[in-house]
Amino acid sequence: MSFDKKNIRPVTDPSRPGIYIETYGCQMNINDSEVILSIMEDAGYALTDDIDKASVIIANTCSIRDNAEQRIWGRIEQFRLQKRKRENVIIGIVGCMAERLKDKLLDGYEVDLVAGPDSYRTLPELIRNIRPDKPQINTLLSHEETYSDITPVRMDKNGISAFISIMRGCNNVCSYCVVPYTRGAERSRNPFSILNEAENLFDNGYKEICLLGQNVDSYFWKDGENPEKNVNFSQLLEMIAKISPDLRVRFSTSHPKDISDEVIYTMALYDNICKHIHLPVQSGSNAMLEKMRRKYTREWYLERVRKIRSVIPGCGLTTDIIAGFCGETEQDHKDTLSLMEEVMFDSAFMFQYSERPGTLAARNFPDDVPSEVKTERLNEIIALQNRMSLESNRRDIGKTFKVLVEGPSRKNPEELCGRASNNKMCVFPDTIHSAGEYVDVKVISCTSATLICELARP
Ligand code: SAH
Ligand code: SF4
Ligand code: F3S
């Protein structure tokens with residue numbers, strides 16, 4: 001396999017037709033937009049952040065919850081106004097919502113292009129074939145596509161940390177989740193293309209890489225000829241960690257049913273593998289976990305947490321929680337609260353259950369928790385998490401952390417910000433260091449979201 005060592009920052013050539021890209025959803029979608037830009041640059045386009053000047057306007061969309069889609073519908077309305085102003089502008093809806101709704105997006109919405117997550121290589125051709133009365137659509141899903149030979153063009157502002165997709169799709173079919181339908185079957189990417197991309201980023205000044213997959217623990221590269229050359233996630237992590245001690249490695253998302261002891265020990269072994277695991281629990285009730293088809297129990301989850309904490313003391317642990325899933329009782333909800341207290345997550349993403357058409361839950365279980373009850377339970381979960389985040393941060397007061405500087409803090413230009421290995425955000429007064437440097441800081445106080453620090457004395 002040959003690799004493209006092309007420029008990883010956007011080309012800035014005002015003579016090229018402009019492409020404007022708006023990204024919704026998860027980190028994988030952010031990385032997909034970088035793949036899209038790479039493909040479109042090769043076809044002669046250049047990124048623009050001025051929607052009024054773009055020849056092509058792309059929304060890379062998310063379907064995970066109804067409110068995500070509603071927000072995007074609002075934006076599509078606004079894109080249509082562009083169409084009134086400039087006849088030739090092309091409006092493209094790509095990503096998960098394109099995959100889910102397919103040609104429904106073409107009915108009366110003045111959209112010219114619909115492309116699913118596995119069809120981005122065909123974007124230039126689709127765009128060439130668009131005529132005023134002939135929109136183009138490609139929502140074929142693939143069992144092979146990993147875009148492994150495409151070098152994403154990085155759109156991040158700081159040039160310090162980047163995402164690398166190591167796999168696509170998902171085979172888990174959790175009953176509430178639309179992802180297996182929008183992103184298709186799970187497939188792992190060639191480890192050497194991942195290594196090459198990481199090395200290239202490091203050579204270009206990047207200091208942190210986050211390996212992405214819906215379930216990174218099931219990453220597996222099968223070498224047809226020589227099984228000894230198969231690569232699992234733990235081995236992949238090690239390959240990337242060995243690039244340089246100055247390159248930090250993160251990853252997301254770990255599935256509680258699959259996270260292995262081998263991965264946990266590998267994390268402990270390398271200083272530059274960040275000590276943070278995002279381990280979505282979804283619910284603390286076994287009845288709910290079973291109905292969600294998560295394939296683990298509360299007890300299994302708690303055992304994994306104990307293992308992580310015994311092998312990696314101080315490991316940051318974060319999670320995702322769904323409130324008000326089908327049939328959730330007051331007791332199920334209390335089980336979630338008690339699990340949260342038992343684990344003491346450092347932070348969490350918390351959601352109300354949102355029924356997604358076509359999923360197993362939508363087909364088999366009534367969405368029967370009243371909306372007010374969902375809201376009440378979610379609020380209780382958020383309040384508890386805020387208390388625990390604050391407590392978790394307070395426990396860090398007095399500790400020293402090595403932070404990778406991301407840049408000036410949002411509130412004060414005399415302050416820098418950056419993350420500690422455990423993923424907590426640190427801010428500290430500093431006018432000497434700059435983005436991309438490692439700095440030792442000491443925690444002096446905190447909020448529930450941030451550690452307030454000072455430079456540690458050597
Ligand atoms: N692959 C990851 C999660 C991807 S989606 C994993 O399994 O851990 C991110 C989060 O969105 C999920 O963890 C879940 O908490 C939430 N989510 C997914 N579908 C949802 C739905 N229908 N309603 C509410 N939240 C949902
Ligand atoms: Fe969705 Fe479950 Fe796959 Fe995560 S593991 S993407 S929640 S089906
Ligand atoms: Fe990501 Fe949303 Fe698709 S969370 S995988 S962009 S449905």
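Since we're looking at a predicted model, the values are computed, not measured. Numbering of ligands and ligand atoms starts at 1, following listing order.
- When heavy-atom distances to ligand 1 are checked against a 4.0 Å cut-off, R294 comes that close only through its side chain, counted from C-beta outward.
- Close approach of ligand 2 to V173 (heavy-atom distance below 4.0 Å) involves ligand atoms 8 (S).
- Given atom 2 (Fe) of ligand 3, the protein heavy atom at minimum distance is C62 SG, 2.4 Å.
- Proximity of R356 to ligand 1, defined as any heavy-atom pair under 4.0 Å, is confined to the side chain (atoms from C-beta onward).
- Proximity to Q282 (heavy-atom distance under 4.0 Å) selects the following atoms of ligand 1: 12 (C), 13 (O), 14 (C), 15 (O).
- Look at R183 and you'll find a heavy atom under 4.0 Å from some atom of ligand 3.
- Contact annotation for Q214 and ligand 3: only side-chain heavy atoms (C-beta onward) come within less than 4.0 Å of the ligand.
- Taking every heavy atom of P180 and a limit of under 4.0 angstrom, the matching atoms of ligand 2 come to 8 (S).
- Atoms of ligand 3 found under 4.0 Å from any heavy atom of N29 (numbered from 1 in listed order, with element): 6 (S).
- Looking only at protein heavy atoms, the nearest one to atom 3 (Fe) of ligand 3 is C96 SG, 2.2 Å.
- Within the 4.0 Å heavy-atom cutoff, S63 counts among the residues contacting ligand 3.
- Among the backbone and side-chain atoms of C177, no N/O/S atom is found under 2.8 Å from atom 3 (Fe) of ligand 2.
- Both the backbone and the side chain of Y176 come within 4.0 Å of ligand 1, counting heavy atoms alone.
- Those atoms of ligand 2 that come under 4.0 Å of a heavy atom in C170, given as number and element, are 3 (Fe), 5 (S), 6 (S), 8 (S).
- For ligand 2, the atoms lying closer than 4.0 Å to a non-hydrogen atom of H255 are 5 (S).
- Listed by number with element, the atoms of ligand 2 under 4.0 angstrom from any heavy atom of R294 are 2 (Fe), 7 (S).
- Proximity of V179 to ligand 1 is not established, as no heavy-atom distance is less than 4.0 Å.
- At the shortest separation from atom 1 (Fe) of ligand 3 among protein heavy atoms lies C26 SG, 2.3 Å.
- Those atoms of ligand 1 that come under 4.0 Å of a heavy atom in Q352, given as number and element, are 23 (N), 24 (C).
- Contact atoms of ligand 1 toward R65: 11 (O), 16 (C), 17 (N), 23 (N), 24 (C), 25 (N), 26 (C) (distance under 4.0 Å to a heavy atom of the residue).
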